[in-house]
Amino acid sequence: MQISARRLDQVTIFDINGHIDLANSPELRKTLLKELRETKTPRVILNLTGVRYIDSSGVASLVEGLKAARDQGLRFILYGLSPSAREVLQLSRLIKIFEVFDTEEQALA
Amino acid sequence: MQISARRLDQVTIFDINGHIDLANSPELRKTLLKELRETKTPRVILNLTGVRYIDSSGVASLVEGLKAARDQGLRFILYGLSPSAREVLQLSRLIKIFEVFDTEEQALA
Amino acid sequence: MRKRGLLLDLVLVSDAHLLSVVRAAIERLTEITGFSPPECRSITRAVDEAVANVIRHAYGNRPDEKIEVCCKRVSGMLKGQRRKGLEIQLLDNGLPFDRKKLTARSLDEVKPGGLGLHFMRDSMDIMQHRRVRGVNQLRLVKYLGGNGTSNESQGE
Amino acid sequence: MRKRGLLLDLVLVSDAHLLSVVRAAIERLTEITGFSPPECRSITRAVDEAVANVIRHAYGNRPDEKIEVCCKRVSGMLKGQRRKGLEIQLLDNGLPFDRKKLTARSLDEVKPGGLGLHFMRDSMDIMQHRRVRGVNQLRLVKYLGGNGTSNESQGE
Ligand SMILES: Nc1ncnc2c1ncn2[C@@H]1O[C@H](COP(=O)(O)OP(=O)(O)O)[C@@H](O)[C@H]1O
Ligand SMILES: Nc1ncnc2c1ncn2[C@@H]1O[C@H](COP(=O)(O)OP(=O)(O)O)[C@@H](O)[C@H]1O
């Protein structure tokens, strides 16, 4: 899994690539929390276009990211969910607590 | 692996999907030879965009298709090769005996 | 081969980096067994979560222990009909599974954790935990032609 | 785990439909071992061709025989340097391998067939055939940080 940040004017976009599973979800959590602390924009967007699979530990890391963002008063948005990523959020009944969009354009709107 | 034929005016396009390996290369060979016998167009094109992998038995089936096409005086063209498919044709030194293009547009030109 | 119906037997070390290998193998195996794409994804998810649980809970994240994933064709009764299916059995030599945990937590609180067993139960037609001579056995079965999320999960 | 360096041990039936499962597993395993994408593809191709050869030649296309694919981390010398790598050993109980076939045919004739051994030799740093007590063993090794197509293939 790779994660990198694009810091724009009003929004920070994290591009994540690779599967998110037990082997790297602790790293995702750590990177996400660290990056969020450095984020000055009112909105953060996770680009999941390059993520084909997310397991339950990855879902947990995303929830932690969401909580940290909320604590800072930031909007936390996901887009580009693969069928499997969408299913895992639906199954965990967490899809409704995230703001989810299909494309970057919609997430930026 | 799935294979289906689009019969246009001057050209027949075979769309192939899935990996081509020992499990289905005999079927590819059979279908290809049967379809070629029914082909009245001077050019046949294999769309390999949906084929991520070809093994040596698949290469052999393609060579048989090429030979059958030549016997009928038809041009036999491949396009949309994945990195792995391209490598396997290069390794078998057969890439030069096929007409290979990147896109359908180029193959039709 | 010796075991009847055996398709594939995977033995791996309990290193989380191998989860992607297990998923890739199971995803293909479910495809060639004839499951629909959503079923392939959900069976793969169940096995991934089951192996992750063995790594974390049975082996306490020690990366050099042994996990076996044994995949067989089976046939059995589901909803009054005989069906073919896929059985995936996980074997490990780690700590015993705590039966009390089989009651999955309510999903109504927004809280991560405790999702794995829920995913497995949701995906599979049968889920059985056993311990036989120091070996934990988790048996997962999914039949072909079911409607996806039946709920015949059982502990023994 | 008992065998040193063991990462993954795959046991499968000799059914060509399982080749896609083997490729998926080996492709992921080569990725996590640290090979470049072209190396991952070429190692996967070598193993695929090797398993296909066992199915066709050692087992004469009988689909219920046993094939073992045993994957280990190893280290060894390549071009005067100690390197880490991946060893993939194939085991089968089929007909003995005919050593005379190890001389690959010339690739200059345009003719299908006889490509598999060529692909294996091209991909791997070591390729060794042995037969030990009725078991065919094919040992394939690829080291990290090589330049792709060295030619230290050997028969024993
Ligand atoms: N293979 C296992 N061995 C021992 N205990 C397990 C195993 N799998 C699950 N458990 C127990 O069941 C609980 C619930 O598991 P699960 O639903 O996967 O959620 P999580 O692992 O995130 O807690 C775990 O916290 C653990 O106590
Ligand atoms: N596993 C094996 N067992 C027995 N013979 C084999 C095996 N692999 C290859 N051979 C022999 O070596 C020959 C060359 O193999 P290969 O290069 O893969 O081409 P092909 O299998 O298409 O003939 C085969 O035709 C066969 O006679």
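Here is the naming used below: chain letters follow the sequence lines, and residue numbers restart at 1 for every chain. Heavy atoms only: backbone and side chains are in, while hydrogens, waters and symmetry mates are out. None of these values were measured; they are calculated from a predicted model.
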C:Arg73 atom CZ, over 12 foreign heavy atoms within 6.0 Å: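 At most 12 heavy atoms, drawn from other residues, nucleotides or ligands, come within 6.0 Å of this atom.
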C:Arg62 atom CZ: more than 12 heavy-atom contacts under 6.0 Å: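 Counting neighbours around CZ of C:Arg62, more than 12 heavy atoms of other residues, nucleotides or ligands fall under 6.0 Å, so yes.
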Chain C-proximal positions within residues 50-61 of chain D [heavy-atom distance under 4.5 Å]: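 Expected list: none.
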For D:Asp15, side-chain hydrogen bond (donor to acceptor under 3.5 Å, both in side chains) partners two or more places apart: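 side-chain hydrogen bond (donor to acceptor under 3.5 Å, both in side chains) list for D:Asp15, sorted by chain: D:His17.
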Can you name the closest pair of heavy atoms from [X] and [Y] and give their distance?
{"X": "D:Ala25", "Y": "C:Ala25", "result": "CB-CB, 4.3 Å"}
{"X": "C:Ser20", "Y": "D:Arg28", "result": "O-CG, 3.6 Å"}
{"X": "D:Val21", "Y": "C:Leu29", "result": "CG2-N, 3.7 Å"}

Rounded to the nearest 0.5 Å, how far does [atom2] of [Y] lie from [atom1] of [X]?
{"X": "C:Asp9", "Y": "D:Glu68", "atom1": "CG", "atom2": "CD", "result": "9.0 Å"}
{"X": "D:Leu12", "Y": "C:Leu7", "atom1": "CG", "atom2": "CG", "result": "9.5 Å"}
{"X": "C:Lys66", "Y": "D:Leu6", "atom1": "NZ", "atom2": "CG", "result": "9.5 Å"}

C:Phe97: partners by ring pair (Phe, Tyr, Trp, His ring centres under 6.0 Å), with sequence neighbours left out: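 Here the qualifying residues are C:His129.
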C:Leu8 and D:Val11: CA distance, side-chain angles, deciding distance, side-chain contact (heavy atoms from CB on, under 4.5 Å) verdict: CA-CA 6 Å; C:Leu8 181 75; D:Val11 176; over 6 Å; no
Residue-level interface, residues 80-94 of chain C with chain D, non-hydrogen cut-off under 4.5 Å: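 The residues closer than 4.5 Å to chain D amount to none at all.
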Closest-packed option against chain D by number of heavy-atom pairs under 4.5 Å, given C:Val22, C:Ile26, C:Ile32: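 That would be C:Ile32.
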